[in-house]
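Since this is a predicted model, take the numbers as computed values, not measurements.
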Amino acid sequence: MTQVDQNTPDAPKIGADKLILGLLAVLIVGALFYVMSQRQQALRSSPAGLNGLQVWMSSQDADVQSFVGGWSLNTDDIGLLILPLYDTDLTADRALPETQEELIIQQDEYDLFLDVVQDKASEVPTMLVLPKWRTGMRLTGLVHPLLLVERERLTQTLDDVLDVDQLAFSYGREPFVSFSNRQTAGPHEAVIYAAQTFAAKGCRPILGSADAMILAECPLAWTDLQETVLVLSDPDLINNHGLVLGGNAFLVRDLLTALAADKSIVIDYSRDNWLTRIEDQVQRDRTWADLMRFFEPPFALMWIGFAIATFLTLWRAALRFGPQRPEPDGVGASKMMAIGARARLMRLSNRDGALVSDYSKARLAATATALFGAAHARALSNPQAFLAYTQRRHPKHAKALAEILNLMWSMPDSATPAQAMAAVADLDRILEQITHDT
């Protein structure tokens with residue numbers, strides 16, 4: 001017994017430790033999700049992000065939405081999928097920076113996967129937005145040639161996605177270079193700072209020339225559905241930094257509207273493929289037969305057993321937990337029964353005066369309990385103590401209380417019921433005034 005008593009208090013402590021560890025794990029996971037979502041939101045609203053493109057196109061009555069994953073997208077509703085690549089190596093995980101300098105010069109913001117990019121590009125019309133600036137451009141707000149990503153990494157990325165030859169990247173020889181739109185006729189020209197262009201045999205230029213393309217239509221390396229993909233080599237055409245230069249905003253509006261062909265434009269930040277086709281979705285009309293088969297054998301025996309168990313439970317509960325008895329039991333009930341029996345005997349023997357005297361004492365005790373609580377009621381329910389309290393705290397009622405108590409204590413046993421009820425009414429009125437006196 002001694003050993004059990006010593007070990008018993010330790011059990012709650014073990015449970016509390018496990019609960020605290022569980023809460024810490026939940027908080028850590030929630031914090032990681034919050035940090036990751038906040039980091040992506042910071043990227044999208046930074047100079048290198050595309051939040052401005054969504055706001056601008058939406059203001060021009062275009063159907064544009066940002067997508068971060070979590071639900072299926074119907075491919076038939078998508079006219080153009082804009083896929084920003086903040087990753088210069090789709091085949092390997094990025095190395096996390098350990099110092100401030102490594103963070104400034106890092107080339108990948110987050111990891112994407114080559115097979116996911118290829119699947120998306122092969123299912124819907126897609127515009128691949130290649131990276132141009134390192135993380136330092138987003139953090140410092142400076143656009144300096146030293147912060148450009150490596151050309152070799154971009155070349156390797158496109159080699160993995162496209163089926164082209166003689167692929168090469170270059171930069172504009174002038175600080176600002178203008179490009180006209182070959183897709184739709186219009187007065188607006190794109191103006192790009194340190195324009196990042198590419199050339200590839202097999203690509204059709206849309207913005208720029210064959211040897212210096214900003215936007216081009218290129219064949220995919222492998223495909224089952226979509227044969228070509230749009231490649232935007234310089235993200236400054238549509239990102240928050242470059243959209244405000246020259247006529248970029250109006251050129252992009254006309255270009256994307258024409259490419260989407262009156263369908264939705266989706267800016268896809270997700271790392272998984274959420275695209276689905278209607279014919280690939282399992283569709284089935286439900287009937288009542290689908291539900292009724294759960295009530296056929298062998299499920300029928302289970303339902304019968306469940307009905308019997310429910311009936312027995314309700315029947316036993318009705319017998320055990322029926323309506324409350326009209327008369328309470330226990331020690332308190334016995335005391336109340338004794339008081340009631342004594343009062344009836346006094347009434348039958350015409351001793352109303354003695355009954356009034358007993359009532360006054362019980363009424364003082366009940367008032368003391370209401371005013372001071374059960375802990376102090378016993379000492380203050382004494383008539384002399386209660387009168388002293390009334391004289392001190394409620395002096396305007398002290399004289400009337402003393403007179404009515406003296407009248408009830410001196411009332412003869414043969415007092416009439418009318419005299420007794422009048423005295424009781426006066427006592428109740430005075431005690432109610434003391435109880436509720438503010």
Pairing donors with acceptors under 3.5 angstrom, does anything connect the side chains of [X] and [Y]?
X	Y	answer
Thr157	Asp159	no
Thr155	Arg151	no
Glu123	Thr75	no

Side-chain touch [X]/[Y], heavy atoms, less than 4.5 angstrom:
X	Y	value
Val129	Ile82	yes
Leu50	Gln54	no
Leu255	Ile206	yes
Leu112	Arg271	yes
Leu73	Val124	no
Phe67	Ile267	no
Ile192	Leu237	yes
Gln107	Pro131	no

Practice item. Verify the ring-centre separation between Tyr86 and Trp133: is it less than 6.0 angstrom? Key: no
Side-chain donor/acceptor of [X] to backbone N/O of [Y], under 3.5 Å:
X	Y	result
Asp108	Tyr110	no
Asn273	Asp119	no
Ser58	Val55	no
Thr88	Arg153	no
Glu102	Glu98	yes
Thr257	Asp254	no
Arg134	Leu148	yes
Ser66	Asn51	no
Trp303	Phe294	yes
Asp211	Ala199	no

Salt bridge flag under 4.0 Å for residues [X] and [Y]:
X	Y	answer
Arg94	Asp87	no
Lys132	Asp236	yes
Asp63	Lys263	no

For residues 160-177, please give each side-chain donor-acceptor pair under 3.5 Å, one per line with the distance, not counting sequence neighbours.
unit_1: Asp160; atom_1: OD1; unit_2: Gln156; atom_2: NE2; d: 3.0
unit_1: Ser170; atom_1: OG; unit_2: Thr197; atom_2: OG1; d: 2.9
unit_1: Tyr171; atom_1: OH; unit_2: Gln196; atom_2: OE1; d: 3.3

Exercise for review: In sequence, state the C-alpha distance, the side-chain angles, and the governing distance for Tyr389 and His394, and then conclude on ring-ring contact (aromatic ring centres under 6.0 Å, His included).
Suggested key: CA-CA 8 Å; Tyr389 162 78; His394 309 279; 5.6 Å; yes
Check your understanding: Centre of Tyr269's six-membered ring, under 6.0 Å away, within 45 degrees of the axis: is that where NZ or CZ of Arg44 sits?
Key -> yes
Check your understanding: Are there more than 12 heavy atoms of other residues, nucleotides or ligands under 6.0 Å from atom CE of Met302?
Key -> yes
